[in-house]
Amino acid sequence: MKPIRTRFAPSPTGFLHVGNVRAALFPWLVARHNNGAFVLRIEDTDRAREVEGAIDVMKETLNWMGMTWDEGPDVGGPYGPYLQTERTEIYKKWAQKLISKGLAYADPYTPEEVQAFRDQAKAEKRAFLYRDHRPTNPPAWDGSQPLRFKIPEIKAYHWHDEIMGDLSAGPEALDDFIIIKSDGLPTYNFAHVVDDYEMGITHVIRGLEYIASQPKYLALYEALEIPVPVLAHAPHIMAEDGKKKLGKRDGAKSILDYKAQGFLPEAMLNFLASLGWNDGTEQEIFSRQELIDKFSLDRVQRSGARFDEQRLLWMNGHYIRELSVDELFERSRDFWPEAAASASDEFKKQVLGLIQERLKFLAEIPELTAFFFSDLPVNMELINGNKQLKKFEHIELKTLLEQAKEQITASDFTATDLTERLNQLLETTSQKPGVLFSLIRIATTQAPASPGLADTLAVLGRETALRRIDATLAAL
RNA sequence: GGCCUCAUCGUCUAACGGUCAGGACACCGGGUUUUCAUCCCGGCAAUCGGAGUUCGAUUCUCCGUGAGGUCACCA
């Protein structure tokens with residue numbers, strides 16, 4: 001059996017956003033699921049739109065996601081080159097075949113003339129078809145005019161799509177289209193058909209924006225006498241508000257922005273895969289390997305899915321909680337606040353252990369951990385605004401805090417000893433935890449929220465805890 | 001506008017023509033010795049509308065409606 005080969009073929013016009021990466025994910029999963037090859041091909045035939053450095057950013061994105069490619073620029077492979085601008089001879093060869101069969105001709109019109117045809121059709125409320133203006137005696141193609149494919153037979157097409165099912169289109173979908181531009185470079189419409197064949201691509205998996213031109217491609221496959229690969233068109237990811245396709249213009253963020261915010265690639269992978277795909281069970285969390293094992297195109301949704309960042313957040317939190325503290329520490333290296341610069345790795349790991357369960361993305365680390373690394377100014381609002389503590393006079397709170405200080409001073413500062421002493425204090429002061437613990441917690445952290453009291457004190461250490469208690473005492 | 005496609009809770013989705021239409025996120029309530037969070041329990045919430053086929057339609061057909069895609073010397 002022929003090995004399965006899929007490809008992701010971006011044009012280097014900018015960063016990769018969520019929709020782009022999802023477009024790469026499905027072919028990648030199909031390749032991995034079938035032990036096939038995943039090819040990265042750069043479609044750089046529009047030199048005007050090319051963005052410097054875009055290829056590197058795309059590679060970085062794919063690498064971060066763990067979506068590795070078997071062939072492509074740099075890594076090479078048996079079907080290179082993988083940059084379309086380096087394949088012009090190949091396109092010329094195939095174009096020549098079309099010319100010799102009488103199925104391609106030089107376009108004698110100027111762009112303005114073609115536009116005039118278009119405007120005229122519009123004014124008459126007709127659909128514009130270039131083939132209505134097909135020149136009877138086109139000049140020989142010298143490479144300076146665009147080369148058009150001449151649709152051999154105007155007919156309806158019926159074909160199968162692995163995701164969308166059986167599709168069809170009427171003859172109106174067929175029109176002569178440019179295959180080689182006047183700058184000598186091929187158009188997408190031509191180049192991808194040639195390249196997919198030359199590169200042995202068995203499954204063309206892409207976004208549904210190409211469905212409308214599929215009949216043209218089908219006609220081209222016939223004219224070129226090459227087999228039609230398996231076709232699969234995936235619906236788009238929609239912007240969070242509205243129902244438009246998610247795109248850069250709608251403010252879609254680069255995947256690397258999510259990386260910078262401390263989203264985990266495994267969460268992003270899981271999230272993107274389950275946006276528009278499920279395995280038919282109630283499973284929500286899929287590891288990379290499970291995704292590879294279970295993915296199939298026939299379970300991909302036919303309608304577009306809204307990008308729901310809440311769900312991404314939830315999933316990312318889930319994956320963060322699954323990490324060991326050591327792993328979490330490794331991944332958190334770039335996210336510490338400045339004040340943590342002098343803290344030891346060991347201390348940071350202890351802190352991470354305490355905040356892990358409330359972390360949704362790594363960029364939250366500074367705000368969640370600030371009080372572990374530096375003394376925050378005493379904020380009486382925390383006490384005065386606390387619904388338990390506001391009922392007390394400051395003098396009462398001061399007495400309570402002094403009693404707490406005694407116990408804390410005497411503790412060996414293990415979490416268990418601290419817990420024991422805190423519980424004793426509950427009895428000796430006959431106070432509710434809501435009062436006593438809130439008071440100590442606020443005094444020692446000066447934060448509106450923090451991890452459990454005993455654990456927090458143990459990590460903070462005696463010196464820091466007492467220093468902060470004294471500061472609050474002085475303010476009461 | 002022409003052509004193509006899609007349509008289940010707010011969102012992502014499940015459901016051989018026969019289910020009390022299930023799960024997850026979000027939201028609301030309760031519990032786990034303070035707060036935030038985790039975790040557990042509970043709640044709210046959907047088959048776009050109309051015909052037809054059928055003993056029976058979320059599921060099949062048609063018509064509406066809504067939405068998306070596409071009509072480039074862009075991909």
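Below, chains carry the letters A, B, ... as their sequence lines are ordered, and counting in each starts from 1.
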Measure the acute angle between the ring planes of A:Tyr130 and A:Phe128, then classify it against the limits of 30° and 60° as parallel, tilted or perpendicular.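 The arrangement is perpendicular - the two ring planes meet at more than 60°.
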If you only use heavy atoms from C-beta on, which nucleotide in [options] is closest to the side chain of [X]?
X        : options                : result
A:Gln301 : B:rU13, B:rA72, B:rC6  : B:rU13
A:Gln310 : B:rC25, B:rA72, B:rG68 : B:rC25
A:Leu426 : B:rA24, B:rU34, B:rU33 : B:rU33
A:Tyr188 : B:rU34, B:rU38, B:rA75 : B:rA75
A:Ile178 : B:rC73, B:rU70, B:rC12 : B:rC73

Looking at [X], does any N or O in its side chain come under 4.0 Å of the phosphate oxygens OP1/OP2 on [N]?
X        : N      : value
A:Arg306 : B:rC25 : no
A:Lys360 : B:rU38 : yes
A:Arg321 : B:rC39 : yes
A:Arg302 : B:rU5  : no
A:Arg299 : B:rA15 : yes
A:Lys432 : B:rU35 : no
A:Asn278 : B:rA14 : yes
A:Arg41  : B:rA75 : no
A:Ser168 : B:rC4  : no
A:Lys181 : B:rC74 : yes

Whether the side chain of A:Asn386 and the base of B:rU34 hold a donor-acceptor pair under 3.5 Å is what I'd like checked. no
Taking atom types as they are modelled, is there a donor-acceptor pair under 3.5 Å from the base of B:rC36 to the side chain of A:Ser450? no
Toward the 5' end of RNA chain B, which comes first, A:Ala305 or A:Glu43, by nearest nucleotide? A:Ala305
Where each residue is assigned the nucleotide of RNA chain B containing its nearest heavy atom, which of A:Leu167 and A:Gln84 is assigned the position nearer the 5′ end? A:Leu167
Quick one: closest heavy-atom pair of A:Pro146 and A:Trp141, and the distance?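 Heavy atoms only, the tightest pair is C-NE1, 4.1 Å.
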Taking the side chain from A:Asp44 and the backbone from A:Thr85, do they hold a donor-acceptor pair closer than 3.5 Å?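 Yes; at least one donor-acceptor contact below 3.5 Å.
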